Every structure is written in structure tokens, then in C-alpha cells.
2 protein chains.
Amino acid sequence: MQESQSAATPFAPASLSSVIGVRVQPGPIRLAVIDTDSGFVRVLAKRVGEMGWQQRVLTAAPRPDELVSMRLHALVVDLALFGERGWEFLAQVCESVPGLAVIVCTGSSSVAQRVRGLRLGADDWITKPCHPQEVIARVEAVVRRRKRGAPGAAQDRPVVAGELEIRPDQFQAFVGGQSIDLTRREFELLHLLANAGGRVLERDDIYQHVWGYAMVRGDRSVDVFVRKVRQKIERFSPGWTYIHTHFGIGYRFEPEVPDEDTPGPELEPEESERFMLPGQ
Amino acid sequence: MQESQSAATPFAPASLSSVIGVRVQPGPIRLAVIDTDSGFVRVLAKRVGEMGWQQRVLTAAPRPDELVSMRLHALVVDLALFGERGWEFLAQVCESVPGLAVIVCTGSSSVAQRVRGLRLGADDWITKPCHPQEVIARVEAVVRRRKRGAPGAAQDRPVVAGELEIRPDQFQAFVGGQSIDLTRREFELLHLLANAGGRVLERDDIYQHVWGYAMVRGDRSVDVFVRKVRQKIERFSPGWTYIHTHFGIGYRFEPEVPDEDTPGPELEPEESERFMLPGQ
DNA sequence: AGGGATGTGAAAAGGATGTGAACTGCCTCC
DNA sequence: GGAGGCAGTTCACATCCTTTTCACATCCCT
């Protein structure tokens with residue numbers, strides 16, 4: 001009964017460990033680099049990959065709406081690529097994608113240029129040549145600062161799956177606007193699974209991520225909580241199956257309405273099939 | 001702690017939350033510089049003064065709680081002053097005052113040192129000698145990044161919710177024009193919750209924003225103040241519920257009047273749609 | 001069929017929150 | 001200078017909710 005995984009993302013496939021990761025973030029940082037310096041890009045990409053971040057390398061300026069659709073956390077850009085239009089690009093990006101961390105990484109520059117760049121909205125300005133570790137550290141610093149800015153889970157967008165709506169800002173899931181009444185652990189479990197992009201997550205990984213420490217052999221907590229979540233969802237979204245068991249492995253999230261006849265007696269299946277994979 | 005006032009004006013009393021908060025920069029940036037390099041400090045102070053910022057120059061390390069009471073937005077520090085204890089100081093400040101922007105400005109350093117500093121929580125690392133304009137631009141960039149998310153002066157606009165009217169200009173809440181008589185912290189707490197747009201705020205976030213520094217485990221201050229605020233509101237607006245508890249997470253603000261005519265036995269009372277917020 | 005893995009229900013254990021009150025430090029007023 | 005009040009903190013206790021644990025049923029793969 002093994003099932004195939006979901007489609008690949010535009011980003012380099014992230015390892016499971018990076019999804020479950022060490023608690024740096026709700027997930028790995030999504031980073032884009034705009035540069036043509038192949039040596040620099042290669043070295044940086046290697047380090048970024050080691051960090052478990054997702055990355056994209058661009059050699060030309062994307063449109064602002066493309067940047068938005070990439071759902072980036074940070075952008076590293078060499079303004080030299082753009083010549084005179086660099087300032088314009090920088091200003092436009094900073095204005096149209098205010099949540100995006102912008103780090104300029106470019107060759108030698110004057111104080112006046114750096115000040116201008118920072119004033120236009122850049123978050124940092126690094127002078128080449130530079131060490132990739134420093135670039136990474138500065139990206140981290142900027143992203144960290146950005147997340148601290150807004151209390152509450154403004155960073156996570158709601159996920160709609162089948163009749164379910166998972167809202168990180170409420171630490172709660174809803175069906176038809178009504179709260180499922182999940183506890184914190186239950187919610188985190190569901191949230192983790194729903195954001196795994198259809199992958200099967202192993203028990204140990206789930207436990208590690210939701211409970212925060214390593215699972216001891218024989219611990220049934222994950223199973224018990226999966227049951228609780230299933231029950232609570234079933235009460236409000238009968239007929240649907242969201243959490244699938246993979247024997248000997250773990251669990252996988254995917255909304256599935258068992259064929260036909262018994263749709264919702266009262267619940268309209270309006271938002272069916274609207275499952276969106278988180279970001280990417 | 002030794003200290004010298006570089007600007008004649010002591011810091012103007014300001015909203016506690018504006019120190020750490022998501023708030024837009026209503027007034028000038030409050031900056032402290034820890035350095036003994038009199039030449040650097042003098043030149044920087046001049047520029048800072050021209051910007052209209054408020055500043056303090058310190059020549060020794062203040063305690064974290066002193067930093068909090070200064071209500072700073074940013075701190076520029078030369079780690080060289082501290083010798084080996086510099087890392088310790090940096091780590092402690094960044095951890096206990098998470099809302100404070102920390103910019104290290106120090107002499108020549110290695111990549112490893114800069115990476116270490118940034119990882120410990122510094123927001124930027126500038127190498128001396130440097131141009132004061134660049135220091136200012138970088139401080140601005142960091143502070144700007146932190147206050148993201150609140151367009152305009154929405155945070156200082158009155159909020160009307162249910163029978164409650166929260167007036168930031170008065171540091172007070174009213175019911176029917178009558179003051180609820182909240183204390184400073186009580187008001188800050190209510191104001192923070194009411195401006196969260198219905199999101200659930202975690203205790204740690206609340207504490208960090210209202211109290212200004214990191215909450216230690218076991219601190220019940222948030223709970224106690226929530227009770228005080230609830231009591232005071234209840235006296236003037238009986239029947240309404242404004243602050244909701246989310247077990248294991250924190251609190252959420254949403255005005256709700258229990259309908260007494262249609263007591264649905266087990267069904268949750270419908271969520272109120274009378275709650276309007278300006279921003280968000 | 002056998003052994004291990006998972007589903008299920010309920011009781012026990014563990015934590016979190018509500019609440020009242022004592023305690024501290026600071027300020028004002030007498 | 002001291003009494004009294006106010007704001008904020010800390011503590012103890014009651015209560016409620018959550019999480020863990022356990023025994024047993026059921027399911028799956030070999």
C-alpha cells in the first residue's frame with residue numbers, strides 16, 4: 001500500500017531532515033541568489049545546501065510577482081549585474097515585497113553607494129570577495145530579525161485541505177469555520193503532517209519535531225495522538241480521510257474523499273479538491 | 001555603570017511596547033553606543049544628533065535590565081572593550097532583550113568572529129574604521145526590518161471592540177466614555193492583544209512585548225495581569241468576554257457577547273463579527 | 001499461523017491556568 | 001521622616017485540562 005510521493009517542488013528537493021529540522025525555523029529558509037559569478041554562486045550554493053535551506057539561482061532579474069510566488073525568505077543579489085538599473089531594481093523589490101529580506105552582495109563600493117542601497121530598503125550589504133559562511137550568517141541574522149518583528153504566527157499561511165482549514169495563527173484547525181478544538185500537541189502534529197507536502201513522515205521524526213526530543217522505543221504517543229486528531233476531524237468532516245498510515249514507517253497527510261455516495265449530509269463539499277501544498 | 005549624556009534630553013517617556021514592539025517608529029530612534037573610542041563616538045554622535053535621534057554613550061556594560069529601562073531601539077557596541085567577555089555579553093543581551101537591535105562595530109576581525117557574533121544574535125557587524133553615515137544607515141536598516149508589518153500609525157489609532165474603546169493616546173481603555181482605570185502594564189497587555197487581529201498570542205511573545213525582555217519559565221505575570229484586566233473590564237462591560245484563554249498556548253482577544261436567548265447546549269456560540277480592526 | 005505493529009478506550013499522572021493574598025519597592029501626602 | 005496607597009511581583013492552593021501510560025483488540029507482513 002505504499003503510495004507515491006507528491007510532485008517535486010521548484011526548489012531543490014529538501015531532505016526530510018531539513019523539513020523536520022533542528023528547530024531553527026518552522027521550516028528551512030528559502031533563498032534566491034541573483035548573480036552570474038559562477039564561482040561565487042557555486043561555493044555559496046554548497047554551503048546553503050549544507051544548511052538544509054532551499055535555494056534558487058537566478059541570472060537575471062525576476063519580476064516582482066515572480067519573487068512573490070517563490071515565497072522566499074531572503075534574496076541575495078549582486079547589483080553589479082544590473083548596471084545603472086540596479087538601484088531601480090532594488091527599490092522596486094523592497095517596495096513591492098516588503099516581507100522579503102534583501103542582502104546586496106557585490107564588488108567594491110563606496111560608502112555613499114552602500115548608504116544608498118540600505119536606504120532604499122536593503123537589509124544588509126556585503127562586499128565581495130566574502131566568505132560564504134558570512135553571507136549565510138548575515139542572511140540568518142536578517143531573517144531572524146524579520147521574524148521577531150511580528151508576534152504571533154504571521155509567518156505561516158493557512159493551509160486548506162479538503163474540508164479542513166489549518167490556521168497557524170490560531171493554533172487550530174477548522175471545518176466550515178468551526179473550530180475542531182485541537183489541543184496544542186494535536187495541532188502541531190496535524191500541522192506538521194499537513195506541511196510535509198504529502199510525504200510520509202516517520203514516527204521518530206514526528207516525535208522529534210512535535211515533542212522536541214528523541215522518542216524512546218516503545219513510546220506510543222504518536223499513535224495515540226494520531227487517533228485523537230483523526231477522531232476530532234471525523235466529527236466535523238465525516239467521510240474524509242486525511243491521515244494515512246504507512247505500516248512500519250509512519251503517517252502521511254493527504255485529504256481524500258472516499259468515492260461517492262456519502263458526501264456531507266449537511267456539509268457542502270464546496271472547498272473540496274482545493275488542497276494546496278504548502279508554499280514552494 | 002558609568003555613563004554620559006551626549007544629548008541633553010533624557011529619553012522621553014514612551015510606550016513600553018514601542019521599545020520592542022511591532023510598532024512603527026513614531027518618533028526618533030533611541031540609540032545607545034558602548035565604546036571608549038572618543039574620536040569615533042564624537043563623530044558618530046554628531047551625525048546621530050543631526051538625524052534627530054536620541055542617544056546615550058556608555059563606556060561600560062550595562063545590565064540587561066538597565067538596557068530595558070532605557071527603552072532603546074538599537075545598541076551599537078564595540079566588543080573589543082570587553083575582551084574575552086565580549087561574547088558572553090553579546091549573547092546575554094541578545095537573549096534577554098530579544099527586541100533590541102544589536103550592531104557590533106569593532107576593529108578588524110576574522111570571518112569566524114563575525115559569524116560567531118551574528119549567530120549569537122547580533123543584527124549587523126561593522127568593521128572599524130567606518131563612516132558614521134554607514135553606521136547610521138545600517139542601524140536604520142535593522143530597526144526598519146524589525147518594525148515591519150504595521151503600516152501607517154495604525155497601532156496608535158483607537159480600537160473599538162464590543163463595548164470597549166482602547167485609546168493609545170490616553171494609555172487607557174473606556175466603556176461608554178468611562179475610564180476602565182487600567183495601569184500601564186495592564187493597558188499595554190490589552191493593547192497588544194487587541195491589535196493582534198484576533199490571533200492567538202503565546203505567553204512568551206506577550207511577555208517579551210509588554211515587559212521588554214525574555215520571560216523566564218514559571219513566571220506567572222502574564223496570567224495575573226490577564227486576570228486583572230478581565231476583572232476591570234468585567235466591572236464596566238459585564239456579559240462580554242474579550243480575552244480568551246488558549247490552553248497551553250496563550251491568549252486571544254475577541255469581543256464576544258454570549259447570547260442568552262438561544263443557549264445552544266453544546267454548540268459554541270457563533271463568533272462575533274462586530275470586531276473590527278483598522279490595520280492588518 | 002506467528003510476531004510485531006497499530007487502533008482503541010480508559011485510568012493515572014502531570015501541567016497549566018484561575019484566583020486570592022501577601023510581599024516588595026516606589027511615590028505622595030501629611 | 002513616616003503613614004498610606006499604588007503598581008508590580010511572587011506565592012500557595014484549587015481546579016481543570018492535557019498528556020502519558022497501560023491493557024487489550026485488531027491489523028499487517030513474513
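The sequence lines fix the lettering, A, B, ..., with proteins before strands; numbering per chain opens at 1. We use all heavy atoms of the structure for the numbers below, so side chains are in, but hydrogens, waters and symmetry mates are not. Here the structure is a predicted model, which means the values were calculated and not measured.
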Can you tell me the distance, in whole Å, between the [atom1] atom of [X] and the [atom2] atom of [N]?
{"X": "B:D223", "N": "D:dG8", "atom1": "CG", "atom2": "C1'", "value": "15 Å"}
{"X": "B:Q172", "N": "D:dA7", "atom1": "CD", "atom2": "C1'", "value": "14 Å"}
{"X": "B:D204", "N": "C:dA16", "atom1": "CG", "atom2": "P", "value": "11 Å"}
{"X": "B:E234", "N": "C:dG18", "atom1": "CD", "atom2": "P", "value": "15 Å"}
{"X": "A:I249", "N": "D:dC29", "atom1": "CD1", "atom2": "C1'", "value": "12 Å"}

Checklist entry - Taking NZ, NE, NH1 and NH2 as the nitrogens, is one of them in A:K232 or A:E234 under 4.0 Å from a carboxylate oxygen of the other? => result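 Salt bridge between A:K232 and A:E234, a charged N being under 4.0 Å from a carboxylate O: no.
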Next on the checklist: What does the B/S/- profile of nucleotides 15-26 of chain D look like, 5' to 3', with a 4.0 Å heavy-atom cutoff to protein?
Outcome noted: --SSBBB-----
Checklist entry - Under the side-chain contact (heavy atoms from CB on, under 4.5 Å) criterion, do A:K228 and A:R185 qualify, and how do the steps go? => result CA-CA 10 Å; A:K228 289 183 177 177; A:R185 280 247 151 79; over 6 Å; no
Next on the checklist: Taking side-chain contact (heavy atoms from CB on, under 4.5 Å) as the criterion, tell me which of B:Q170, B:R167, B:Q172 meets it with B:S179.
Outcome noted: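 Single side-chain contact (heavy atoms from CB on, under 4.5 Å) partner of B:S179 among B:Q170, B:R167, B:Q172: B:Q172.
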Next on the checklist: With a 4.0 Å cutoff (strictly under), does any side-chain N or O of A:Y251 reach OP1 or OP2 of C:dG7?
Outcome noted: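 Answer is yes, contact under 4.0 Å.
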Next on the checklist: Tell me the closest heavy-atom pair linking A:L201 and A:L192, and the distance in Å.
Outcome noted: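 Looks like CD1-CG, 3.8 Å.
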Checklist entry - Side chains of A:R230 and A:T245: donor-acceptor distance under 3.5 Å anywhere? => result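 Indeed, the side chains of A:R230 and A:T245 share at least one donor-acceptor pair under 3.5 Å.
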Checklist entry - Between the side chains of A:H209 and A:D205, does any donor sit under 3.5 Å from an acceptor? => result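 No, because no side-chain N or O of A:H209 sits under 3.5 Å from a partner of the opposite role on A:D205.
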Item to check | From C:dG20, C:dG18, C:dT6, nucleotide with atom closest to B:Q231 side chain | outcome: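 Among C:dG20, C:dG18, C:dT6, the one nearest the side chain of B:Q231 is C:dG20.
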